[in-house]
Amino acid sequence: AKAKGKNGFQAFQPAMEQRAQKRLKLEANLRRALDLGELELHYQPQIDVRSGRVVGVEALTRWHCRELGHVSPAEFIPVAEETGIIVALGGWVLRTACRQAAAWRDQGLLDTLVHVAVNLSARQTRDGALMDEIRAILDETALPASLLELEITEGVLMENVNANLDLLHGLQAAGIHLSIDDFGTGYSSMAYLKRFPIDQLKIDRSFVHDVPGDGEAIATAIIAMAHSLQLSVVAEGVETLAQLDFLRQAGCDIMQGYYFARPMPAAQLTALLREKRSS
Ligand code: C2E
Ligand code: CA
Ligand code: CA
Ligand code: CA
């Protein structure tokens, strides 16, 4: 009884301490991950609904930590953000993805592939050096800017509209494509969207998940709005034929999800592109 304390506070504290310990361990390991070569990019195909061709791939970071095993991006990306590790990590992601895209291009595998998409974090969008870094990477890899697409979440975009307008105009002027990720979860209005120089909206996975059902009306509305602004629409997280059928009928342009392919290592995607080319 004595050990329990007031409102079970003593029992609660060890759990909190454990969580703090775990987080410190994650952070310490994440700091070393780049140097130890523990990070890898996987690529998930994006399929054009009409032609059935792979028109893009999204680069997604994978971390196999020697101490902690596989850690999911949902767990380590927020830590990378809070600690600033994302600046180095994000630079590595950009460089690696551009290098890979340039290699695919040299192998003649990009005839149908229009772009390689890379996720930008909030911290990266606030980093004044980002534009220069991207220019240097494109230069170094000799990748045409039009083959690079950057994904920025709707939430990050709306956090600082004016600063992001400048950044996006700079990226657009450089010839880079821009896509709004997790669309429908934030608070942007059509009036705002019109001001941003963007190419594409990605319907958030949560809405696709609710098809058939409540997600249908939202997906339909997003597709109509995107098309009225001359933007293409990607549905992410497409897992079933029913979702594919509905989204196709609703006019969605591009789809991405386990129904088509999971994110895969570069070598595997290379094989897939070769196979698609010869068929
Ligand atoms: P996101 O940008 O929305 O990426 C899509 C996520 O959905 C990926 O999870 C992908 O593997 C997953 N996914 C794709 N198709 C399906 C499907 O059909 N069903 C389900 N259930 N999931 C599907 P992942 O790779 O675990 O990444 C999670 C999030 O972590 C990403 O969400 C992104 O916000 C962040 N992230 C991953 N890599 C990077 C990176 O290199 N940089 C930054 N800034 N963030 C990253
Ligand atoms: Ca994304
Ligand atoms: Ca997304
Ligand atoms: Ca997401």
Side-chain angles (χ1 to χ4, degrees), residues 30 33-34 38-47 54 56-64 70-101 115-127 130 133-134 137 148-157 159 177-186 198-211 215 219 222 233-244 246-247 252 254-266 268-269:
L30 191 57
L34 262 181
E38 292 177 342
L39 297 175
E40 187 188 0
L41 290 187
H42 280 194
Y43 299 87
Q44 187 176 33
Q46 299 178 328
I47 315 295
V54 179
V57 292
E58 178 177 2
L60 294 156
T61 302
R62 296 290 175 259
W63 178 26
H64 185 79
H70 280 289
V71 185
S72 104
E75 208 175 327
F76 71 78
I77 293 287
V79 176
E81 274 268 311
E82 286 161 38
T83 54
I85 297 171
I86 195 76
V87 175
L89 193 154
W92 176 86
V93 171
L94 273 164
R95 183 165 281 109
T96 306
C98 287
R99 225 176 250 161
Q100 183 59 61
H115 56 248
V116 174
V118 172
N119 292 287
L120 274 194
S121 73
R123 184 88 162 229
Q124 282 174 290
T125 64
R126 283 189 244 107
D127 178 1
L130 179 69
E133 187 180 18
I134 292 176
I137 290 171
L148 178 63
E149 182 164 273
L150 296 176
E151 296 192 359
I152 302 172
T153 67
E154 184 187 18
V156 167
L157 189 74
E159 242 168 50
H177 286 247
L178 297 163
S179 183
I180 306 307
D181 205 354
D182 300 351
F183 192 80
T185 58
I198 51 180
D199 302 286
Q200 179 177 284
L201 298 183
K202 292 187 83 172
I203 304 174
D204 189 67
R205 206 169 70 199
S206 60
F207 304 124
V208 175
H209 182 265
D210 291 342
V211 170
I222 293 174
V233 188
V234 180
E236 63 177 11
V238 177
E239 293 183 352
T240 68
L241 181 60
Q243 290 167 346
L244 163 67
F246 174 82
L247 290 160
C252 181
I254 298 167
M255 294 190 205
Q256 180 182 351
Y258 296 169
Y259 181 79
F260 303 96
R262 291 186 177 247
M264 60 184 87
Q268 209 174 318
L269 192 78

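All residue numbers refer to positions in the sequence shown, counting from 1. Counting starts at 1 for both ligands and their atoms, following the listed order. Just so it is clear, the values below take in all heavy atoms, side chains as well, and ignore hydrogens, waters and symmetry mates.
- Close approach to Val93 involves these atoms of ligand 1, each under 4.0 Å from a residue heavy atom: 41 (O).
- For the side chain to side chain contact (heavy atoms under 4.5 Å, CB included) criterion with Glu58, the lone passing option out of His42, Lys202, Glu149 is Lys202.
- Between the side chain of Glu75 and the backbone N or O of Ser72, no donor-acceptor pair lies under 3.5 Å.
- Contact atoms of ligand 1 toward Gly257: 15 (N), 18 (O) (distance under 4.0 Å to a heavy atom of the residue).
- Close approach of ligand 1 to Pro73 (heavy-atom distance below 4.0 Å) involves ligand atoms 24 (P), 25 (O), 26 (O), 27 (O), 30 (O), 37 (C).
- Contacts with ligand 1 closer than 4.0 Å are made by no heavy atom of Arg262, backbone or side chain.
- At least one N or O atom of Asp181 sits closer than 3.5 Å to an N or O atom of ligand 1.
- Judged by distance alone, with hydrogens and angles left aside, the side-chain atoms of Gln243 form a donor-acceptor pair with the main-chain N or O of Thr240 at under 3.5 Å.
- The CG atom of Asn119 lies 9.0 Å from the CG atom of Leu150; values are rounded to the nearest 0.5 Å.
- Within the 4.0 Å heavy-atom cutoff, His42 does not count among the residues contacting ligand 1.
- Contact annotation: for Val118 versus ligand 1, there are no heavy atoms closer than 4.0 Å.
- Contact annotation: Ser72 has no heavy atom less than 4.0 Å from any atom of ligand 1.
- Atom CZ of Arg262 sits about 12.5 Å away from atom CG of Leu60, to the nearest 0.5 Å.
- A distance of 10.5 Å separates CH2 of Trp63 from CG of Leu34, quoted to the nearest 0.5 Å.
- Numbered from 1 in the order shown, with element, the atoms of ligand 1 that lie under 4.0 Å from a heavy atom of Arg62 read 11 (O), 24 (P), 25 (O).
- For the residues Tyr258, Trp63, Phe76, the heavy atom positioned nearest atom 13 (N) of ligand 1 is part of Tyr258.
- For atom 15 (N) of ligand 1, the nearest non-hydrogen atom from the set Gln256, Glu58, Gln44 belongs to Gln44.
- Heavy atoms from both the backbone and the side chain of Thr61 come within less than 4.0 Å of ligand 1.
- Of all atoms in ligand 1, numbered sequentially from 1 with element shown, those under 4.0 Å from a heavy atom of Glu239 are 17 (C), 18 (O), 19 (N), 20 (C), 21 (N).
- Taking each of Thr153, Leu120, Val156, Ile77 in turn, the one with a heavy atom nearest to atom 46 (C) of ligand 1 proves to be Ile77.
- Those atoms of ligand 1 that come under 4.0 Å of a heavy atom in Ser121, given as number and element, are 44 (N).
- Glu154 contributes a side-chain N or O that, together with a main-chain N or O of Thr185, makes up a donor-acceptor pair within less than 3.5 Å.
- Distance check: Asp181 CG to Gln200 CD gives 9.5 Å after rounding to the nearest 0.5 Å.
- A side chain to side chain contact (heavy atoms under 4.5 Å, CB included) with Phe183 is found for one member of Ile222, Asp204, Val233, Ile203 and no other, namely Ile222.
- Here the N, O or S atom of Glu58 that is nearest to the Ca ion (ligand 2) is OE2.
- For ligand 1 and Glu236, the ligand atoms under 4.0 Å from any heavy atom of the residue are 3 (O).
- Residue Glu151 approaches the Ca ion (ligand 2) most closely through its N/O/S atom OE1.
- Put simply, the side chain of Glu81 gets close to the backbone of Arg123: a donor and an acceptor are under 3.5 Å apart.
- In terms of polar-atom proximity, Gln124 is not counted as a contact of ligand 1, lacking any N or O under 3.5 Å from an N or O of the ligand.
- The closest approach between Pro263 and ligand 1 falls below 4.0 Å for a heavy atom of the residue.
- For the 3.5 Å distance criterion, the side chains of His209 and Glu239 fail to qualify, holding no donor opposite an acceptor.
- At a threshold of 3.0 Å, the Ca ion (ligand 2) has no backbone or side-chain N, O or S atom of Asp182 nearer than that distance.
- The existence of a salt bridge linking Glu38 and Arg62 is excluded, since no basic side-chain nitrogen approaches an acidic carboxylate oxygen closer than 4.0 Å.
- Taking every non-hydrogen atom of Asp182 and a distance limit under 4.0 Å, the qualifying atoms of ligand 1 come out as 3 (O).
- Between Glu236 atom OE1 and Asp181 atom OD1, the angle centred on the Ca ion (ligand 3) amounts to 100° (nearest 10°).
- Within the 3.5 Å criterion, the main-chain N or O of Ser179 finds no donor-acceptor partner in the side chain of Glu151.
- In terms of heavy-atom proximity, Arg205 sits nearest to Gly237 at CG-CA, 3.5 Å.
- Among the backbone and side-chain atoms of Asn119, an N, O or S atom lies under 3.0 Å from the Ca ion (ligand 2).
- Among the atoms of Asn119, some N or O lies under 3.5 angstrom from an N or O of ligand 1.
- Using a distance-only test at 3.5 Å, with no hydrogens or angles considered, a donor-acceptor pair links the side chain of Thr125 to the main chain of Ala122.
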